[in-house]
Chemist: 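I have a structure I would like to understand better, so I am pasting it below and will then ask my questions one at a time.
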Amino acid sequence: MKRINEIFYSLQGEGRNTGRAAIFIRFAGCNLRCPFCDTEFSEYNEMNDTDIIAAISAYPSRFVVLTGGEPTLQADNAFIALLHANGYEVAMETNGTHPVPAGVDWITVSPKESFAGKAGTTVVRRCNELKCIFDGHTTIANDYGIEADYYFLQPCDTGCPERNSLITQACIEYILRNPKWRLSLQTHKLTGFK
Ligand SMILES: C[S@@+](CC[C@H](N)C(=O)[O-])C[C@H]1O[C@@H](n2cnc3c(N)ncnc32)[C@H](O)[C@@H]1O
Ligand SMILES: Nc1nc2[nH]cc(C(=O)O)c2c(=O)[nH]1
Ligand code: SF4
Ligand SMILES: [Mg+2]
């Protein structure tokens, strides 16, 4: 049984796959407690793999995003293989503190080392996109030596519009000076989508 906080259908709001219709499977529970975390992930329903496949088959897209909470605590090799067997392309959003199961098609690592210290140590050394949350102070641009196809900075949503616009401005200025990085905006928030 897996503890599932929610399953919902939206556009991928962040990173390289922004704009793609995606089914989000949000796993409950996380090993970290980031002070800025924008997600409620403690409530859950228990679902087995068959229940999950049945639930996601209601949607027309065959692109799933495994997120949470921390999906690496529950998603295993067999679950990824089952998604593939049912025709799904699988992306995962992870803090990188636990190994990613085999076969995930698109790995997004969002390191938390800059403020979570040892608890946030990234063990995943290679990913498709590294997505650092940036406020320039507690959360910064640092690749921690992790290899990625793309390096994104995503402005930290503080819940305060004035602070958010200063952070986004600082993010843009940083990228102009350090063009290895690209901007990732949380477009679902800008558009009022989930
Ligand atoms: C809620 S997390 C779940 C996946 C995983 N635990 C992780 O941290 O990558 C999904 C994404 O949202 C980002 N995120 C969380 N809180 C945020 C905030 N306040 N502003 C911007 N991005 C945030 C995370 O860094 C991560 O990239
Ligand atoms: N639309 C939308 N895109 C997202 N990309 C990553 C998300 C996440 O919470 O992991 C997320 C989310 O919560 N909503
Ligand atoms: S690791 Fe991800 S889900 Fe967990 S508290 Fe941090 S941002 Fe939230
Ligand atoms: Mg989110």
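Here the structure is a predicted model, which is why all the values come from computation and not from measurement. In what follows, every heavy atom counts, from backbone to side chain, and hydrogens, waters and symmetry copies are set aside. First listed ligand is number 1; within each ligand, the first listed atom is number 1.
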Chemist: Please report which non-hydrogen protein atom sits nearest to atom 1 (C) of ligand 1, along with the residue it belongs to and the distance in Å to one decimal place.
Modeler: Thr39 OG1, 3.2 Å

Chemist: Measuring from the heavy atoms of Gly159, does anything fall under 4.0 Å of ligand 1?
Modeler: no

Chemist: Please could you name the atoms of ligand 2 that Lys194 approaches to less than 4.0 Å, counting only its heavy atoms?
Modeler: 1 (N), 2 (C), 14 (N)

Chemist: What protein heavy atom is closest to atom 12 (O) of ligand 1, reported as residue, atom name and distance in Å?
Modeler: Glu14 OE1, 4.2 Å

Chemist: So if I count the atoms of ligand 1 from 1 in the order they appear, which ones are less than 4.0 Å from some heavy atom of Lys112?
Modeler: 7 (C), 8 (O), 9 (O), 24 (C), 25 (O)

Chemist: Nearest to atom 10 (O) of ligand 2 by heavy atom, Thr94, Thr67, Asp38, Thr187: which?
Modeler: Thr67

Chemist: Counting only heavy atoms not in His84, do more than 12 fall under 6.0 Å of its NE2?
Modeler: yes

Chemist: Which of the atoms in ligand 2, numbered in the order shown and given with their element, are less than 4.0 Å from a heavy-atom of Gly13?
Modeler: 1 (N), 2 (C), 3 (N), 4 (C)

Chemist: Going by the closest heavy atom to atom 21 (C) of ligand 1, which one wins out of Glu40, Arg26, Met92, Gln186?
Modeler: Gln186

Chemist: Between Lys180 and Asp143 (salt bridge meaning N to carboxylate O under 4.0 Å), is one present in this structure?
Modeler: yes

Chemist: Identify the closest protein heavy atom to atom 11 (C) of ligand 2: which residue and atom is it, and at what distance?
Modeler: Phe24 CE2, 3.7 Å

Chemist: Among protein heavy atoms, which sits nearest to atom 5 (N) of ligand 2, and what does the distance come to when rounded to 0.1 Å?
Modeler: Gln12 OE1, 2.5 Å

Chemist: Name the closest protein heavy atom to atom 10 (C) of ligand 1, giving the residue it belongs to and the distance to 0.1 Å.
Modeler: Thr67 OG1, 4.0 Å

Chemist: For atom 27 (O) of ligand 1, what's the nearest protein heavy-atom neighbour? Residue, atom name and distance, please.
Modeler: Lys131 CE, 3.2 Å

Chemist: Any idea which protein heavy atom is nearest atom 13 (O) of ligand 2, and the distance to it?
Modeler: Arg26 NH2, 3.0 Å

Chemist: With respect to atom 6 (N) of ligand 1, which of Cys30, Gly69, Gly15 exhibits the smallest heavy-atom separation?
Modeler: Gly69

Chemist: Name the closest protein heavy atom to atom 25 (O) of ligand 1, giving the residue it belongs to and the distance to 0.1 Å.
Modeler: Ser110 OG, 2.8 Å

Chemist: For ligand 1, which part of Thr94 has a heavy atom less than 4.0 Å away: the side chain, the backbone, both, or neither?
Modeler: backbone

Chemist: As an exercise, identify every atom of ligand 1 less than 4.0 angstrom from a heavy atom of Glu70.
Modeler: 5 (C), 6 (N)

Chemist: Would you tell me which option among Lys189, Glu93, His188 has the nearest heavy-atom contact to atom 14 (N) of ligand 2?
Modeler: His188

Chemist: May I ask you to identify the nearest protein heavy atom to atom 22 (N) of ligand 1, giving residue, atom name and distance to one decimal place in Å?
Modeler: Gln154 NE2, 3.1 Å

Chemist: Strictly distance-based, threshold 3.5 Å: is any side-chain N or O of Asn164 a donor or acceptor partner for the main-chain N or O of Asp157?
Modeler: no

Chemist: The test is salt bridge (charged side-chain N to carboxylate O under 4.0 Å, His left out); show your working for Lys112 and Glu70 and say whether it passes.
Modeler: CA-CA 12 Å; Lys112 304 295 176 330; Glu70 181 45 47; over 6 Å; no

Chemist: At under 4.0 Å between heavy atoms, which part of Asp38 makes contact with ligand 1: side chain, backbone, both or neither?
Modeler: both

Chemist: Flag yes if more than 12 heavy atoms outside Arg126 fall under 6.0 Å of its CZ atom; otherwise flag no.
Modeler: yes

Chemist: Quick one: look up the protein heavy atom nearest atom 19 (N) of ligand 1 and list residue, atom name and how far away it is.
Modeler: Phe36 O, 2.8 Å

Chemist: Counting distance only, does the side-chain N/O of Asp149 pair as donor-acceptor with the main-chain N or O of Glu129 below 3.5 Å?
Modeler: no

Chemist: Determine, step by step, whether Thr138 and Phe36 satisfy the side chain to side chain contact (heavy atoms under 4.5 Å, CB included) criterion, reporting the C-alpha distance in whole Å, the side-chain angles of both residues, the deciding distance to 0.1 Å, and the verdict.
Modeler: CA-CA 10 Å; Thr138 50; Phe36 55 81; 5.7 Å; no

Chemist: Given that the side chain starts at C-beta and the backbone is N, CA, C, O, which of these parts of Asp157 lies under 4.0 Å from ligand 1, counting heavy atoms, or is it both or neither?
Modeler: both

Chemist: Is Pro155 near ligand 1, meaning one of its heavy atoms is under 4.0 Å from it?
Modeler: yes

Chemist: Taking everything shown except Phe8 itself, do over 12 heavy atoms lie less than 6.0 Å from its CZ?
Modeler: yes

Chemist: Under 3.5 Å, is there a donor-acceptor pair between the side chain of Thr122 and the main chain of Gly96?
Modeler: no

Chemist: Should you measure from each heavy atom of Leu11, which atoms of ligand 2 turn up under 4.0 Å away?
Modeler: 1 (N), 2 (C), 3 (N)

Chemist: With heavy atoms of Ser10 as the reference, note each atom of ligand 2 found under 4.0 Å away.
Modeler: 1 (N)

Chemist: Which of the numbered atoms in ligand 1 are under 4.0 angstrom from any heavy atom belonging to Cys37?
Modeler: 16 (N)

Chemist: Side chains of residues 22-32: which donor-acceptor pairs under 3.5 Å do they make with residues two or more places apart or in other chains?
Modeler:
from, atom 1, to, atom 2, distance (Å)
Arg26, NE, Glu6, OE2, 2.7
Arg26, NH1, Gly68, O, 2.8
Asn31, OD1, Asn95, ND2, 3.2
Asn31, ND2, Thr97, OG1, 2.9

Chemist: Inspect the surroundings of OH in Tyr174 and state if more than 12 heavy atoms from other residues, nucleotides or ligands are less than 6.0 Å away.
Modeler: yes

Chemist: Under a 4.0 angstrom heavy-atom cut-off, which atoms of ligand 1 come close to Ile133?
Modeler: 13 (C), 22 (N), 23 (C), 25 (O)

Chemist: Among side-chain atoms of Ser110 and Glu93, is any donor-acceptor pair under 3.5 angstrom?
Modeler: no

Chemist: Looking at Glu46, I'd like to know if its CD atom is crowded, meaning that more than 12 non-hydrogen atoms belonging to other residues, nucleotides or ligands lie closer than 6.0 Å.
Modeler: yes

Chemist: Could you check atom 2 (S) of ligand 1 against the protein and tell me its nearest heavy-atom contact, residue, atom and distance included?
Modeler: Gly68 O, 4.3 Å

